[in-house]
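Report on the following structure.
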Amino acid sequence: MSRVGLARCVFAILALALAVCPVARGQQPADATLTLSVAGGQTQFHVGEIIPLELSFSTSAVRTYWLTNPCFTPDVFRVSPPANGPLHRLNEVLPALGYGGDCIGSQSYLGNEPQVVGEDLNDWVALSKPGQYSVRVTSHRLQHQLGTKEESVELRSNAVDVQIVEADPGWQAGALASATDVLSDPNSTDTQKRSAVRALRFLDSPGSVSELVRLFSISGEPGIDSTDITDGLLASSDPRLVLQDLEAGLTAPDTAITGPYIQVLARARLLAQDGPLLPDTAEGTNGQNAWVARAERRWKRVREIEDSLYSQATRLVPLKAGFAQAETVRAVVGWTPTDSGESAPPLGLSGDAIGQAFLRLPAREEAGLLEYHWDRMRAPEMVWALEGVLGHRQLPDPQLRDIALRRLYELDPEDGAAAIMSEIQWPHVDAGGSTVSIQTLGLLPDKTLPQLDTLLANRLVAKDDGTFFLDAQLIGRYAAKAVLPQVKAVYERAAGKWACSIEDGLLTYFLRTDPDFAVERLQLDADPCMSDAFQLAVRMGLWPRIEPGIMAKLNGTNSWVSQQAAGVLSTFGDAKAEEALWERLREFHRQWAKAAGDFEGGPGESLELSDAEGLQTALTFGITHAQGWLLDDSQMAQLENLAIGQSKSAVASWRWKSPLNLQVSLGGGRFNASIGAIYAATDLSLLCAKLAQFPPGTSIQVTGSGPPDQLARIIRTVEQAAERDGL
């Protein structure tokens with residue numbers, strides 16, 4: 001089960017607990033109501049049929065309440081007579097000892113018109129026996145603004161009655177046929193497919209189990225959600241049938257052995273071998289500790305089973321056909337055994353088999369393999385596979401051409417260089433624009449490409465909307481001085497007003513061809529987003545000429561210009577820049593200290609005050625997040641004293657302490673790192689330079705995401721730097 005799936009399991013279990021345990025009831029507001037109804041007005045359902053409910057929220061006090069749509073439902077369903085939750089079997093297989101996953105909720109004012117939220121009762125309560133049931137819901141979706149705080153409001157609904165009747169074989173066969181017809185119809189929409197898979201999830205019949213197992217072969221396609229498939233199988237009332245069908249699929253030529261397939265099969269085997277994990281009846285800490293120990297042993301056991309299944313899947317690749325073979329190869333390529341350490345072992349598959357399987361996959365899956373599992377796919381035979389990808393006039397995935405070009409250059413520099421040159425000359429337009437990054441097109445060792453000067457300059461002058469951003473960056477990377485007049489004429493049409501990537505590319509070019517002009521422009525147009533140009537200026541020893549002009553902007557009357565200057569000084573500045581930022585903040589404090597009460601936010605804020613708050617944030621952030629210096633505790637205390645209003649709490653949150661939380665991510669050929677909330681870097685050497693500023697004895701905890709082998713090399717470099725600096 002995915003980490004998000006575990007989270008759903010946790011919240012389902014909590015909801016079930018709330019449904020049977022006494023809940024303290026708050027005072028329900030008189031000006032807000034929750035009305036529960038069955039969507040469509042249906043009142044009779046078969047066992048296993050989806051019961052769609054509608055929660056209608058209304059109020060007579062307009063713009064008083066927020067209606068939230070969080071990641072996990074704050075609704076608790078109560079059914080009389082009581083019934084089990086549908087996920088209770090999932091917790092018997094593997095308890096949710098932890099969970100995670102990204103999620104973005106939403107909220108909106110509750111206005112004149114009622115707002116309706118849909119919920120399927122089956123997600124939270126399993127009515128597996130015929131009978132008459134009464135359903136109520138208690139919701140905490142409503143939020144009430146009280147001063148600066150938001151408080152949850154409890155709303156209790158009316159009761160609705162539903163009748164559950166036996167799921168006779170005829171009805172089950174019809175429901176199964178209806179779902180499979182939708183899934184086999186090429187004209188079905190993603191929404192229709194999703195509804196069909198959910199119907200199969202709760203149907204829980206022999207036919208639906210077999211169909212869910214089959215769907216693993218196409219899970220990942222639009223509308224086919226593997227979470228519904230895995231939950232439906234693991235919560236099945238007949239685990240022996242689930243295990244039987246999954247085991248048979250291992251050797252079936254048309255069944256793909258995917259990652260989710262292996263996860264479910266491992267858990268089904270575990271349940272068959274070890275039985276359910278029942279709650280501990282012993283009271284107190286000892287009982288809880290014993291249950292947690294059993295649960296952890298269970299997690300270890302399921303990982304061992306998964307490893308054996310991945311190893312078996314590698315041997316079964318020759319038995320698979322077509323897309324099923326491609327998906328099976330994709331799964332084993334992405335497998336890292338539990339005890340493998342930093343690097344995954346060789347697959348034992350031929351490069352030809354990997355290349356053929358690769359080309360059968362959807363574009364987004366190809367991109368994922370090239371990005372995160374390249375070290376296990378690197379083989380001479382992948383040259384023709386990558387050239388096959390690059391041969392398409394248009395690609396549906398905007399990242400695929402970029403990463404395929406980069407991998408081809410790594411595997412065969414001669415063919416890769418030719419492909420890069422071709423892409424520079426005749427850029428492909430995927431998804432509405434050029435999708436190959438300057439990082440990839442800039443990989444060639446040539447300092448300049450004079451043979452392309454006229455082509456790039458003419459395209460820049462023509463301002464082709466499809467490639468204009470890219471052309472400006474290509475000129476910054478490769479163009480020679482011969483086209484300086486044409487490039488400068490284009491730039492001066494809107495000097496200082498171009499988009500940041502265009503300014504960055506063109507000013508980088510001017511630094512190489514007309515440094516005096518570039519220095520003048522960098523003083524006038526200081527923006528921290530122009531990182532390539534400023535980094536080149538620093539390497540060329542031009543920073544001392546640029547820094548005074550940026551300091552002057554820091555002290556100017558235009559708040560936005562001062563904010564931009566603060567960002568540049570923080571990112572590229574030295575000790576002089578640090579002192580300039582401190583002095584500007586002291587001046588700001590002297591100017592605004594008597595109006596500190598106005599900095600608490602709220603409606604009706606003046607533009608002057610908004611600009612002031614923006615400047616204070618830029619100054620405090622710049623001082624604390626700089627590349628060139630690190631604040632100690634006394635300096636942080638001084639900064640907190642200078643901060644006004646809500647910025648005080650922000651500054652307090654930027655204090656660092658040992659151990660440092662260093663996060664590293666690799667994606668799209670780019671390196672990103674952050675140290676807690678105080679520092680971010682896109683260059684490994686800059687990160688190591690920053691680490692050297694921390695006092696000896698500081699501990700570092702490193703977490704990372706990205707291709708395992710590349711990530712391991714990055715972490716080794718960090719470890720060596722830390723050891724050198726006594727961290």
Side-chain angles (χ1 to χ4, degrees), residues 147-150 526-529 550-551 553-556 559-602 605-663 672-681 686-687 689-695 698-701:
T148 59
K149 295 182 179 180
E150 283 189 3
D527 191 322
C529 70
I550 299 177
M551 288 181 182
K553 289 186 173 299
L554 181 69
N555 296 303
S559 174
W560 175 247
V561 172
S562 297
Q563 291 175 47
Q564 298 292 86
V568 173
L569 293 172
S570 174
T571 306
F572 304 101
D574 51 19
K576 292 180 181 178
E578 180 184 9
E579 180 52 38
L581 288 168
W582 275 103
E583 183 53 40
R584 183 67 181 89
L585 181 62
R586 294 186 191 102
E587 179 188 337
F588 180 92
H589 182 85
R590 289 190 293 268
Q591 180 183 358
W592 289 97
K594 293 183 179 179
D598 296 335
F599 281 73
E600 296 300 330
E605 184 177 76
S606 68
L607 180 60
E608 181 187 19
L609 188 59
S610 177
D611 287 346
E613 288 178 331
L615 176 57
Q616 179 178 222
T617 299
L619 292 170
T620 54
F621 189 92
I623 292 171
T624 53
H625 292 68
Q627 173 65 47
W629 60 85
L630 178 70
L631 303 189
D632 58 27
D633 277 344
S634 63
Q635 290 173 309
M636 287 300 299
Q638 181 183 357
L639 192 69
E640 195 171 343
N641 288 332
L642 289 172
I644 298 171
Q646 296 178 347
S647 285
K648 281 187 176 295
S649 58
V651 171
S653 70
W654 295 333
R655 285 181 180 266
W656 66 270
K657 62 180 180 179
S658 180
L660 303 176
N661 178 21
L662 171 59
Q663 293 182 313
N672 288 283
S674 62
I675 300 176
I678 66 166
Y679 177 75
L686 292 178
L687 172 64
K690 186 66 183 181
L691 290 174
Q693 298 170 10
F694 289 89
T698 302
S699 297
I700 307 172
Q701 294 178 342

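The figures that follow rest on heavy atoms only: side chains count, while hydrogens, waters and symmetry mates do not.
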| query | Does any N or O in the side chain of Ser570 come within less than 3.5 Å of the main-chain N or O of Ala566, such that one atom is a donor and the other an acceptor? | reply | no

| field | Non-hydrogen atoms of Lys690 and Ala626 that approach each other most closely | value | NZ-O, 2.6 Å

| message | For the backbone of Phe621 and the side chain of His625, can you confirm whether one donor and one acceptor N or O come within less than 3.5 Å of each other? | response | yes

| query | CD1 of Ile644 to OG1 of Thr620: how many Å apart, nearest 0.5 Å? | reply | 10.5 Å

| query | Which heavy atom of Met636 sits nearest a heavy atom of Val651, and at what distance? | reply | CE-O, 3.4 Å

| said: For a 4.5 angstrom cut-off between non-hydrogen side-chain atoms, does Leu660 reach Phe694? | reply: yes

| request: For the pair Leu691 and Ile675, evaluate side chain to side chain contact (heavy atoms under 4.5 Å, CB included) and give the outcome as yes or no after the intermediate values. | output: CA-CA 9 Å; Leu691 290 174; Ile675 300 176; 3.9 Å; yes

| How close do Ala565 and Leu554 get, heavy atom to heavy atom, and via which atoms? | CB-N, 3.8 Å

| task | Applying side chain to side chain contact (heavy atoms under 4.5 Å, CB included), run through Phe572 and Ile550 and close with a yes or a no. | result | CA-CA 11 Å; Phe572 304 101; Ile550 299 177; over 6 Å; no

| request: Say whether, by atom type as modelled, one donor and one acceptor occur between the side chain of Ser653 and the main chain of Ala650 under 3.5 angstrom. | output: yes

| said: Please check this pair: side chain of Gln701 against backbone of Leu662, looking for a donor-acceptor N/O pair closer than 3.5 Å. | reply: no

| request: Verify the distance criterion only: is there a donor paired with an acceptor across the side chains of Gln616 and Ser647 at less than 3.5 Å? | output: yes

| field | Thr698 vs Lys657, side chain to side chain contact (heavy atoms under 4.5 Å, CB included): CA-CA, chis, key distance, verdict | value | CA-CA 8 Å; Thr698 302; Lys657 62 180 180 179; over 6 Å; no

| If you look at every heavy atom in Ala652 and Glu640, which pair is closest and at what distance? | CB-OE2, 3.8 Å

| Any sub-3.5 Å donor-acceptor pair from Ser658's side-chain atoms to Ile700's backbone N or O? | no

| Donor-acceptor contact below 3.5 Å, side chain Trp656 vs main chain Leu631 | yes

| task | Begin from the C-alpha positions of Arg584 and Leu615 and carry the test side chain to side chain contact (heavy atoms under 4.5 Å, CB included) through to its verdict. | result | CA-CA 10 Å; Arg584 183 67 181 89; Leu615 176 57; 3.3 Å; yes

| Nearest heavy atoms of Asp527 and Gln564, plus distance in Å | OD2-NE2, 2.7 Å

| Ignoring hydrogens and geometry, is there a side-chain-to-backbone donor-acceptor pair from Lys648 to Leu642 under 3.5 Å? | no

| request: Quick one: pull up CG in Leu639 and OG in Ser634 and give me the separation to the nearest 0.5 Å. | output: 11.0 Å

| Is a salt bridge present between Glu583 and Arg586, judged by a nitrogen-to-oxygen distance below 4.0 Å? | yes

| OG on Ser562 to CG on Asn555, rounded to 0.5 Å | 7.0 Å

| remark: dist His589:NE2 -> Leu619:CG (nearest 0.5 Å) comes out at 13.5 Å

| Heavy-atom closest contact (Leu686 atom, Tyr679 atom, distance) | O-OH, 3.3 Å

| Is there a donor-acceptor contact under 3.5 Å from the side chain of Lys553 to the main chain of Val561? | no

| task | Answer yes or no: is there a donor N or O on one side and an acceptor on the other, between the side chain of Trp629 and the main chain of Ile623, under 3.5 Å? | result | yes

| Under 3.5 Å side-chain donor-acceptor pair for Gln563 and Ser559 | yes

